[in-house]
Amino acid sequence: MSQSVHIHDVPETFKKRALIGSHRYDEMYARSLKDPTGFWGEHGMRIDWIKPFTRVKDTSFAPGAVSIAWFQDGTTNVSLNCIDRHLAERGDKVAILWEGDDPKDSRRITYRELHAEVCRFANVLKAQGVAKGDRVTIYMPMIPEAAFAMLACARIGAMHSVVFGGFSPDALAGRITGCDSRVVVTADEALRGGRIVPLKKNVDAAIEKAGTVERVVVVKRTGADVAMVAGRDAYYHDLAAEVGADCPAEEMEAEAPLFILYTSGSTGQPKGVLHTTAGYLVYAAMTHQYVFDLHDDDVYWCTADVGWVTGHSYIVYGPLANGATTLMFEGVPNYPSVSRLWEVVDKHKVTILYTAPTAIRALMGAGDEPVRRTSRASLRLLGSVGEPINPEAWEWYHRVVGEGRCPIVDTWWQTETGGILISPLPGATRLKPGSATRPFFGVRPEIVDAEAKVLEGACEGNLVIADSWPGQMRTVYGDHKRFEETYFSAYPGKYFTGDGCRRDADGYHWITGRVDDVINVSGHRMGTAEVESALVAHDTVSEAAVVGYPHDVKGQGIYAYVTLMAGVEPTEGLRKQLVAHVRQEIGPIASPDVIQFAPGLPKTRSGKIMRRILRKIAENELGALGDTSTLADPSVVDDLVANRR
Ligand code: 6R9
């Protein structure tokens with residue numbers, strides 16, 4: 001296998017100019033493991049402190065006593081670090097470069113303007129009664145006001161919970177009540193790919209289910225005439241006119257909560273992943289600087305949505321903490337044409353582009369010409385995130401998009417990890433297409449087998465992390481027990497990632513995908529349990545089992561086996577209804593690609609659904625069904641195979 005891997009050397013340009021070369025990586029990595037306190041004590045100084053820390057690392061993964069604190073006796077404020085401290089030297093530098101859905105729309109917001117905008121937004125929130133420790137739900141399009149709202153929360157010490165604008169009212173309601181938000185920040189409508197998303201209307205529907213909301217702040221995006229509830233809803237521009245553009249930043253403890261971000265797991269409803277102040281920011285800023293080899297003149301573009309962790313760490317917090325110019329894109333890669341990404345690169349002279357394999361595969365499918373007709377001469381580095389990137393897509397991204405000149409950093413990490421844990425550093429790491437390569441400083445990945453034995457050398461198994469790093473999530477909001485059970489019980493004393501991983505003889509890591517019941521559809525994380533519970537909530541459905549299967553563009557598609565209530569006819573119309581029902585319950589990203597009506601599901605005698613078999617059938621690996629003799633009724637398998645879609 002390793003013989004067939006096409007290795008890409010570090011380009012000369014990066015050898016000369018990169019922040020971290022290969023010797024320096026080896027040295028720094030070794031030190032970070034040998035002396036974490038000394039190492040992070042130094043790197044903790046990359047942010048400004050109000051009161052400096054004296055303690056560095058207070059972390060324990062011990063069973064029943066997991067607790068994680070970094071720099072805990074220091075105080076600071078994230079918005080001071082992302083804005084105010086840059087004003088003296090970079091006040092006129094563009095902080096946020098916004099590209100609208102319509103190629104004619106763009107905005108440049110300097111650090112000085114960002115300061116005024118965020119202060120004003122913070123004062124608006126305060127006037128709505130938001131105080132330190134409160135939770136604010138942000139349900140916004142990709143417009144600068146989304147970032148202003150996040151930073152405004154950070155400035156006054158409120159936690160934000162950003163909910164992706166593609167989620168349905170029901171999903172939004174669950175996330176509002178999950179953290180008892182009294183205030184929601186939204187926009188009248190979102191605009192994506194020329195299409196309208198009725199955000200305010202969705203908020204109204206969500207609030208009917210979630211009783212906690214007292215105030216809705218509505219930013220005007222399209223100017224549509226939306227319903228406003230008197231006493232509850234107000235337009236941002238009206239509120240902003242009544243407050244000043246100066247707002248002092250709250251002094252926050254290092255471990256004060258910064259944000260909650262809901263993410264899918266293998267069981268139950270989405271969990272509120274909690275990140276805190278200082279460790280998160282140090283880690284987001286440091287990974288952003290080193291992984292992207294950031295220089296002061298870079299124009300950096302991450303195409304994620306702020307509704308996902310990638311948008312938090314690598315559109316907003318990491319880049320702004322580093323005083324970078326971060327591009328924020330409202331649109332989609334194929335509107336108005338499949339050349340859009342490359343046109344935006346040329347228009348704004350983007351130097352670093354960070355996107356997802358699903359976008360790369362979709363654009364690769366449109367051929368080379370839409371790329372070739374643009375220049376892309378400004379690009380010097382490419383990045384990938386969200387799911388494994390197949391070597392074909394990697395090579396296309398490298399050869400066609402990057403003209404063979406730009407290294408690709410394939411960055412492996414998770415909502416829970418706060419920042420990148422495994423990735424090449426472009427000036428230090430020879431690249432193997434499809435491999436996330438080596439750990440970042442301070443990160444101790446291990447590969448374990450089912451018996452928790454740590455495997456050495458070249459091996460394959462489950463990926464765990466043996467010690468804490470500053471960006472790690474601290475708890476599941478309001479449910480520390482669930483935090484311990486989810487991440488620290490499978491391999492006691494270690495953080496379990498939920499991913500499988502192969503390590504080759506060079507110590508390179510190849511993520512093989514989730515080993516739990518989480519699927520990754522176009523880089524979006526989805527719990528099969530969530531889709532199942534949406535399906536069984538429909539009147540006609542008695543039982544449902546959902547698995548992932550390989551999909552050319554999305555990475556994984558959603559395959560649902562559905563058992564109907566007695567007497568219900570399995571029609572095409574019903575199939576469409578069920579897909580629509582899941583979209584309504586969760587959102588379009590959860591739409592099943594395939595629904596197979598199944599009179600029975602394969603179950604063990606104790607009633608447990610054998611997902612392994614369902615996965616094999618969905619993958620069309622019918623020869624590999626394995627032992628079916630332990631099933632309560634082995635004949636259901638024949639029916640499933642015969643009616644495979
Ligand atoms: C950042 C983010 C996390 C899951 C993760 C893994 C998959 C992310 C990857 C990757 C292979 C990469 N994943 N990056 N797999 N190579 N470079 O995506 O967070 O939405 O929480 O998803 O995504 O399976 O466990 P999140």
Side-chain angles (χ1 to χ4, degrees), residues 162-164 166-167 259-266 270-275 280 283-284 287-288 291 302-315 317-318 354-361 382-391 393-394 397 408-424 429 431-440 443 445 462-465 471-473 476 486-487 490 495-503 508-528 530 548 554-556 589-590:
V162 183
V163 177
F164 174 55
F167 277 122
F259 66 82
I260 299 166
L261 187 54
Y262 284 87
T263 194
S264 298
S266 50
K271 304 179 273 287
V273 167
L274 184 83
H275 283 287
Y280 169 80
Y283 198 76
T287 48
H288 179 256
V291 171
C302 165
T303 67
D305 190 284
V306 290
W308 310 114
V309 74
T310 307
H312 284 59
S313 300
Y314 299 114
I315 294 177
Y317 291 118
Y354 189 30
T355 191
T358 186
I360 298 164
R361 286 191 297 264
L382 301 171
S384 172
V385 60
E387 52 175 318
I389 178 164
N390 47 311
W394 195 106
Y397 194 28
I408 297 176
V409 288
D410 175 0
T411 63
W412 175 85
W413 61 295
Q414 311 177 298
T415 305
E416 293 87 339
T417 69
I420 295 163
L421 293 198
I422 302 181
S423 169
T429 317
L431 306 174
K432 298 186 190 182
S435 172
T437 78
R438 298 186 297 186
F440 191 74
V443 174
N462 288 346
L463 180 64
V464 300
I465 313 291
Q472 183 171 26
M473 75 183 281
V476 170
T486 308
Y487 303 105
Y495 167 78
F496 177 41
T497 63
D499 279 318
C501 182
R502 181 167 71 78
R503 191 172 54 213
Y508 275 41
H509 295 78
W510 302 73
I511 306 294
T512 53
R514 300 290 301 199
V515 295
D516 53 10
D517 290 318
V518 171
I519 49 183
N520 193 324
V521 183
S522 300
H524 302 320
R525 247 170 96 161
M526 197 94 49
T528 53
E530 285 166 71
K554 300 181 185 181
Q556 280 189 300
I589 56 174

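Both ligands and their constituent atoms are indexed starting at 1 by order of listing.
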protein heavy-atom neighbour closest to atom 12 (C) of ligand 1 works out as E387 O, 3.5 Å

Which protein non-hydrogen atom lies closest to atom 11 (C) of ligand 1, naming both residue and atom, and how far is it?
P388 N, 3.1 Å

Using a 3.5 Å cut-off on N or O atoms only, is G386 in polar contact with ligand 1?
yes

Considering only protein heavy atoms, which is closest to atom 3 (C) of ligand 1, and at what distance to one decimal place?
W413 O, 3.6 Å

Ligand 1 contact on A436 by region, counting heavy-atom pairs under 4.0 Å:
neither

Determine, step by step, whether F440 and W413 satisfy the side-chain contact (heavy atoms from CB on, under 4.5 Å) criterion, reporting the C-alpha distance in whole Å, the side-chain angles of both residues, the deciding distance to 0.1 Å, and the verdict.
CA-CA 11 Å; F440 191 74; W413 61 295; over 6 Å; no

Quick check on contacts: which atoms of ligand 1 are under 4.0 angstrom from a heavy atom of N520?
7 (C), 23 (O)

In sequence, state the C-alpha distance, the side-chain angles, and the governing distance for E387 and R361, and then conclude on salt bridge (Lys or Arg N to Asp or Glu O under 4.0 Å).
CA-CA 12 Å; E387 52 175 318; R361 286 191 297 264; 3.0 Å; yes

Out of L463, D410, T415, I511, whose heavy atom sits nearest atom 17 (N) of ligand 1?
D410

Looking only at protein heavy atoms, what sits closest to atom 20 (O) of ligand 1 is R525 CD, 3.6 Å

Which of the numbered atoms in ligand 1 are below 4.0 angstrom from a heavy atom of T411?
9 (C), 12 (C), 14 (N), 17 (N)

Chi angles and distances behind the side-chain contact (heavy atoms from CB on, under 4.5 Å) call for W412, L463:
CA-CA 12 Å; W412 175 85; L463 180 64; 3.7 Å; yes

Testing T303, T310, I315 one by one against Y354 for a side-chain contact (heavy atoms from CB on, under 4.5 Å), which residue passes?
T310

Looking only at side chains, do T287 and Y314 share a donor and an acceptor under 3.5 Å apart?
yes

With heavy atoms and a 4.0 Å threshold, my read on which part of Q414 contacts ligand 1 is both

Check this for me - ligand 1, S384, N or O atoms closer than 3.5 angstrom, yes or no?
no

Who's the nearest protein heavy-atom neighbour of atom 5 (C) of ligand 1, and how far?
D499 OD2, 3.1 Å

Any I389 side-chain heavy atom under 4.5 Å of I360 side chain
yes

At under 4.0 Å between heavy atoms, what of I389 touches ligand 1? The answer is neither

Taking the ring of Y487 and the ring of Y495, is the distance between their centroids below 6.0 Å?
yes

Test T429 against R438 for side-chain contact (heavy atoms from CB on, under 4.5 Å), laying out the working first.
CA-CA 8 Å; T429 317; R438 298 186 297 186; 3.6 Å; yes

Using the rule given for side-chain contact (heavy atoms from CB on, under 4.5 Å), can you reason through Y283 versus L421, listing the C-alpha separation, both sets of side-chain angles and the distance that settles it, and then say yes or no?
CA-CA 10 Å; Y283 198 76; L421 293 198; 3.3 Å; yes

Would R514 count as a polar contact of ligand 1, with the cut-off being nitrogen or oxygen pairs under 3.5 Å?
yes

Can you tell if the side chain of V409 reaches within under 4.5 Å of the side chain of L382, non-hydrogen atoms only?
no

Looking only at N/O atoms, are E416 and ligand 1 under 3.5 Å apart anywhere?
no

Pair K271 + E416: basic N to acidic O under 4.0 Å
no

Does W308 come within less than 4.0 Å of ligand 1, judged by its heavy atoms?
no

Judging by distance only, is a nitrogen or oxygen of T310 under 3.5 angstrom from one on ligand 1?
no

Judged by non-hydrogen atoms, does G498 sit under 4.0 Å from ligand 1?
no

